[in-house]
Amino acid sequence: MLQLSVLLNQKEEIIKRLNIKHFSAESIINEIEQIDEKRRKTQTELDQLLALSNNYSKEIGQLMGQGKKDEAELKKQEVLRHKDHISELQTQKNQLEEELLALLVKLPNLPSSLVPSGKAAEDNEVVRTGGPDITLYSGAKAHWDLASQYRLIDFELGNKITGAGFPVYLGKGAQLQRALISYFLEKANEQGYLEIQAPLMVNALSGFGTGQLPDKDAQMYHVTEDGFYLIPTAEVPVTNIYRDVTVKEEDFPIKLTGYTPCFRREAGSYGKDVRGLNRLHQFDKVEIVQIAHPENSYRILDEMVEYVESLVKSLGLKYRILRLCGGDMSFASALTYDFEVYSAAQQRWLEVSSVSNFEAFQSNRLKLKYKDKNGKMQFAHTLNGSALALPRIVAALLETYQKEDGIDIPEVLWKYTGWKRIN
RNA sequence: GGAGAGAUGGCUGAGCGGUUUAAAGCGGCGGUCUUGAAAACCGUUGUACCGAAAGGUACCGGGGGUUCGAAUCCCUCUCUCUCCGCCA
């Protein structure tokens, strides 16, 4: 959520920058301006009346103490004259505040100055490409065929138990999942991230804090009976640890990591996008989160990108890093780098990580602050990234390392799997 | 799931409906003293909003109500603790 004071002071600039996200903000901001003005007026008037009535009440108390009941009674009548007006103003003020929030929440975060203008995925900027070139033997298979040939993943079974997009991993398929999770967590620990096991369901306040709610909730499974949401990413519970928290300036940066399954409804997806492991309703992911001093957040974003790159590299996958354009980035992000690995058999790029700086956008919703050197409260910056999401990594691993008689897995995983080859 | 008790500032913990403008202690910050420190003593101590400022308003788990006036009384929700039941 953008800060109201900033919004009103730099109106033109903000409208211009939101254009990069292809969001026209002018009418919303104008409306905000009007409502805010009404809100201020209402509060000033209300506060004056409350002050008046508080004073009368105090006097009544004193008069009662002195036994001057008649005088007290007169004052009571005086206060009663304003009572209706006070409650009217109070209702009005609450209403205006609600309206204001409802509008504020509609505005996406401002893109940083590095964000390329552009409408869709094709307009993303390739920052760099890395990893080995892959030449497959003729007759190489897509990961879904490999998965069933070696009995690693049973999509049909998941279909039976739950529905499409909930695969069942078996044997070495399941072990590979566990190995990747352990590997990613151990690496994050080495980098100083505190490992967290967080709830897989969150309440609405948490969903609001990180920006999934309101309006963007079509992506989440909703447990209506209890008012909970299944998390679409560990970002939600992990970042919300710091909701309503004032951190000490010297504690920056706060580094957290967590493995969780992620649940996404993915309404409207179809075709080759959802084939095999390409897009699932439930998948595993290790997430890294940082809470940072505003002065350092972009240096930290670079650091996180470097870290994620080291992971992808260590798995020997061909990859590329994209700087997302305004049209392709998320609502809450100021700058996002996506990592894609090459699916050799499908001959397409698959997104396996998204690393973002949200600046103060989430903090403002979370009320996540620190006290600066002058003793003023300021919003912290939040960042997060996948490190990494498993299914597409598995898809790329299977396809990249397939031979005619088996699949070799990267050496870094051996100590977690206990074996080197699928055959 | 049932019964009972509770939720007060950074922490502990008082608080007959009206000098509560939330006591006191601890902690934090500043100062005096000291070569330095400790001790002692003095002062200070939250957040949000309105206001150019002076100042004002709100906040005692959340929401609502009674009252001229609510931390205090009533309703309701949430959470915590104790006991019982169930259970990995």
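Labels below follow one simple rule: chain letters A, B, ... track the order of the sequence lines, proteins then strands, and each chain is numbered from 1.
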Inset, instruction - Encode nucleotides 52-61 of chain B as B, S and - characters from 5' to 3', where the letter depends on protein heavy atoms closer than 4.0 Å: B to the base, S only to sugar-phosphate, - to neither. - result: ----BSS---

Inset, instruction - Answer yes or no for A/Arg365 and A/Phe208: cation-pi contact, defined as NZ/CZ to six-membered ring centre under 6.0 Å and angle to ring axis within 45°. - result: yes

Inset, instruction - Could you work out the separation of B/G2 and B/U20 based on their C1' atoms and round it to a whole Å? - result: 40 Å

Inset, instruction - Would you please name every residue forming a side-chain contact (heavy atoms from CB on, under 4.5 Å) with A/Lys76, sequence neighbours left out? - result: A/Ile60, A/Glu73

Legend entry - Nucleotide forming a Watson-Crick or wobble pair with B/C11, both distances under 3.5 Å: B/G25

Legend entry - Electrostatic pair A/Lys160-A/Asp154, nearest N-O below 4.0 angstrom: no

Inset, instruction - Can you run down the side-chain hydrogen bond (donor to acceptor under 3.5 Å, both in side chains) pairs that involve residues 90-117 of chain A, sequence neighbours left out, and say none if there aren't any? - result: none

Legend entry - Under 3.5 Å on both distances, the Watson-Crick or G-U partner of B/U34: none

Inset, instruction - Using the P atom as the reference point in each nucleotide, state the distance between B/A7 and B/C16 in Å, no decimals. - result: 12 Å

Legend entry - Presence of A/Lys367 side-chain N/O under 4.0 Å of B/U47 phosphate oxygens OP1/OP2: no

Inset, instruction - Take atom CG of A/Leu100 and atom C1' of B/A48, then tell me their distance rounded to the nearest Å. - result: 14 Å

Inset, instruction - Tell me what A/Lys371 touches on the nucleic acid: a base, only sugar-phosphate, or nothing, going by heavy atoms under 4.0 Å. - result: sugar-phosphate

Legend entry - Nearest-angstrom distance, C1' atom, B/G4 to B/G85: 15 Å

Inset, instruction - Between B/A24 and B/G9, how far apart are the C1' atoms? Round to whole Å, please. - result: 13 Å

Legend entry - P-based separation of B/A70 from B/C84 [nearest Å]: 42 Å

Using residues 249-256 of chain A as the side-chain source, report each donor-acceptor pair under 3.5 Å to any protein atom, sequence neighbours left out, with the distance given to one decimal.
{"residue": "A/Glu249", "atom": "OE2", "partner": "A/His293", "partner atom": "NE2", "Å": "3.1"}
{"residue": "A/Glu249", "atom": "OE2", "partner": "A/Lys373", "partner atom": "NZ", "Å": "3.4"}
{"residue": "A/Lys255", "atom": "NZ", "partner": "A/Gln191", "partner atom": "O", "Å": "2.7"}

Inset, instruction - Please name all residues satisfying side-chain hydrogen bond (donor to acceptor under 3.5 Å, both in side chains) with A/Thr417, sequence neighbours left out, ordered by chain then number. - result: none

Legend entry - Gap between atoms CG and P, on A/Asp244 and B/G62 respectively (whole Å): 12 Å

Scan nucleotides 66-68 of chain B against the protein and return all N/O pairs shorter than 3.5 Å with their distances rounded to 0.1 Å.
{"residue": "B/C68", "atom": "O2'", "partner": "A/Ser57", "partner atom": "OG", "Å": "3.1"}

Legend entry - Distance in angstrom units between A/Asn203 CG and B/G62 C1', rounded: 13 Å

